[in-house]
Number of protein chains: 2
Amino acid sequence: MSLRHAILVLLQDQEASGYDLAREFANSIGLVWNATHQQIYLELGKLNEQHMVSFRHVPQEGKPDKKLYSITEDGRQELIRWLKKPAGPARIRDAFMVKVAGGQLADSGALLGELEQLSKQRRERLATFEALAQRLDEQGREENLYSYLTVRRGILDQRAWLQWAEEVRQALEHASVGLPTS
Amino acid sequence: MSLRHAILVLLQDQEASGYDLAREFANSIGLVWNATHQQIYLELGKLNEQHMVSFRHVPQEGKPDKKLYSITEDGRQELIRWLKKPAGPARIRDAFMVKVAGGQLADSGALLGELEQLSKQRRERLATFEALAQRLDEQGREENLYSYLTVRRGILDQRAWLQWAEEVRQALEHASVGLPTS
DNA sequence: GCTTCCATGTAATATGTTACATGATTAA
DNA sequence: TTAATCATGTAACATATTACATGGAAGC
């Protein structure tokens, strides 16, 4: 279980609300670890009980109040402890890839459509990451080293995916000329 | 939930035991979807109850008996149905990446060591995939199109990871010259 | 004698997802 | 007026992990 550690890493840089964290998980860090707001609120509750984070209430006008969480010394110690032990294997669940693997039974047209849609998302992500990387670079790569490296991973990942998508597109278009789909 | 669909895709090609499937999940398909033997046995049980797979007992000498599962017409229909609806978003849990993101608190030396170890694994995987791709290509890429594309994904993915690892290695080695680790 | 491979499974626990619930504000 | 953003949460359910259990054969 290292959702807690992912949260602690995010809180290292700045205090954040559960909602903020959910946004980060949906965007940048989402490439590496994902979690929904329900999980996050639950985990923040537990972390608070265990004194690894603390929070302060922030009333807002026009918006609901929020709780800004920050990491405590106990939390930092837990993070350090966790960083020392070898990371578990990466896990993935990529339903689209399962579809490609089972592509014989699928409709090539539908698969191509979905591919196009996913490619669009990936291109957008790539642009976001590239912009972020440049910003970090300008601010000083050394100071932001770990964030920079994380973003680089995102960039390389998107590019690899897009390159693969292009191969798939060509293969499927080629295939659907001779063989009628469905 | 599409562990069941991943299993059905694998059973499309050939009948297999739970043990065989677990091996495939640990290797080739593991890049795309992973599952442990406990999950697989459980899911095979359910799939059997729902008549999506059937099995035959195969007694063996010197080895425990096994159950060879094959996909049924109902199973194939279910797969086709599933292939039509859009795939859910890909999910990942990469603990090592979380570590890199939190790298400020980590020991660079330890991180580098772990990186080296993971790189080795990735290089081995890459070699396996490349050999597989070549074999499929020789046998006729058209016939093995979907397997071929799946393997290509694996190859591009490993390469992207290794390229990133190289960037990280250089950055960390550079960083640990000036700043003493720990 | 120890470990790995083969092969199957159960039970307890931990995690994650989906659905539901609330409620003001802002933009289309 | 419909939807989206902000912000937090509970409850029910589905999925996944860990630990445990068995047992012969093969290789070191």
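The sequence lines fix the lettering, A, B, ..., with proteins before strands; numbering per chain opens at 1.
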- Message: Distance check needed: D:dA7 P versus A:Asp20 CG, whole Å only.
- Response: 7 Å
- Item | Any B:Tyr19 side-chain N or O less than 4.0 Å from OP1/OP2 of C:dC6 | yes
- Query: By side chain to side chain contact (heavy atoms under 4.5 Å, CB included), which residues pair with A:Ser70, not counting sequence neighbours?
  - Reply: A:Glu15, A:Ser54
Sub-3.5 Å pairs of nitrogen or oxygen atoms, protein against nucleotides 26-28 of chain C:
none

- Message: Side-chain heavy atoms under 4.5 Å apart, restricted to Ile/Leu/Val/Met/Phe/Trp/Tyr: what other residues fall into the cluster of A:Tyr19, or is it alone?
- Response: A:Tyr41
- Item | Atom pair distance, as rounded to whole Å: CZ in B:Arg56 and C1' in C:dA7 | 16 Å
- Query: Taking CD from B:Gln60 and P from D:dA26, how many angstroms apart are they, rounded to a whole number?
  - Reply: 13 Å
- List for me each residue that meets side chain to side chain contact (heavy atoms under 4.5 Å, CB included) alongside A:Leu42, sequence neighbours excluded, and say none if there are none. none
- Message: Side chains of B:Phe55 and B:Leu47, heavy atoms from C-beta outward: is any pair under 4.5 Å?
- Response: no
- Message: Below the 4.0 Å mark, does D:dC6 have OP1 or OP2 next to a side-chain nitrogen or oxygen of A:Ser17?
- Response: no
- Message: Angle between the two end axes of the helix from C:dG1-D:dC28 to C:dA28-D:dT1, five base pairs per end, rounded to 10 degrees?
- Response: 50°
- Item | Selection residues 32-54 of chain A - residue pairs positive for salt bridge (charged side-chain N to carboxylate O under 4.0 Å, His left out), sequence neighbours left out | A:Arg4-A:Glu43
- Pairs flagged by salt bridge (charged side-chain N to carboxylate O under 4.0 Å, His left out) wherever residues 25-37 of chain A is involved - sequence neighbours left out: none
- Query: Rounding to a whole Å, what distance do you find between B:Asp65:CG and D:dA25:C1'?
  - Reply: 15 Å
- Task: Kindly give the heavy-atom pair with the smallest separation between B:Leu83 and A:Ala106, and that separation in Å.
- Result: CD1-N, 3.9 Å
- Task: Please state whether the phosphate of C:dG9, meaning OP1 or OP2, lies under 4.0 angstrom from any side-chain nitrogen or oxygen of B:Tyr41.
- Result: no
- Query: What is the distance from CD1 of A:Ile40 to P of D:dG9, rounded to the nearest Å?
  - Reply: 12 Å
Scan the side chains in residues 5-13 of chain A for donor-acceptor partners under 3.5 Å anywhere in the protein, sequence neighbours excluded, and list what turns up.
residue: A:His5; atom: ND1; partner: A:Trp82; partner atom: NE1; Å: 3.4
residue: A:His5; atom: NE2; partner: A:Glu78; partner atom: OE2; Å: 2.8

- Task: Can you sort out the partners of B:Glu73 under side chain to side chain contact (heavy atoms under 4.5 Å, CB included), two or more places apart, ordered by chain and number?
- Result: B:Arg76, B:Gln77
- Task: Sequence neighbours left out, what passes side chain to side chain contact (heavy atoms under 4.5 Å, CB included) with A:Gln134? Give chain and number order.
- Result: A:Glu138
- With sequence neighbours excluded, give me every side chain to side chain donor-acceptor pair (under 3.5 Å) pair touching residues 88-98 of chain B. A:Asn34-B:Arg93
- Message: Please report the distance, rounded to the nearest Å, between NZ in A:Lys66 and P in D:dA7.
- Response: 5 Å
What does the list of N/O pairs under 3.5 Å between the protein and nucleotides 14-24 of chain C look like, with a distance for each?
residue: C:dG16; atom: OP1; partner: B:Arg93; partner atom: NH1; Å: 2.4
residue: C:dG16; atom: OP2; partner: A:Gln39; partner atom: NE2; Å: 2.9
residue: C:dG16; atom: O5'; partner: A:Gln39; partner atom: NE2; Å: 3.2
residue: C:dT17; atom: OP1; partner: B:Arg91; partner atom: NH1; Å: 3.1
residue: C:dT17; atom: OP2; partner: A:Gln39; partner atom: OE1; Å: 2.9
residue: C:dA19; atom: N6; partner: A:Gln38; partner atom: NE2; Å: 3.2

- Note on the structure: Comparing B:Arg23 with B:Lys67, nearest DNA chain C nucleotide closer to 5' gives the residue B:Arg23
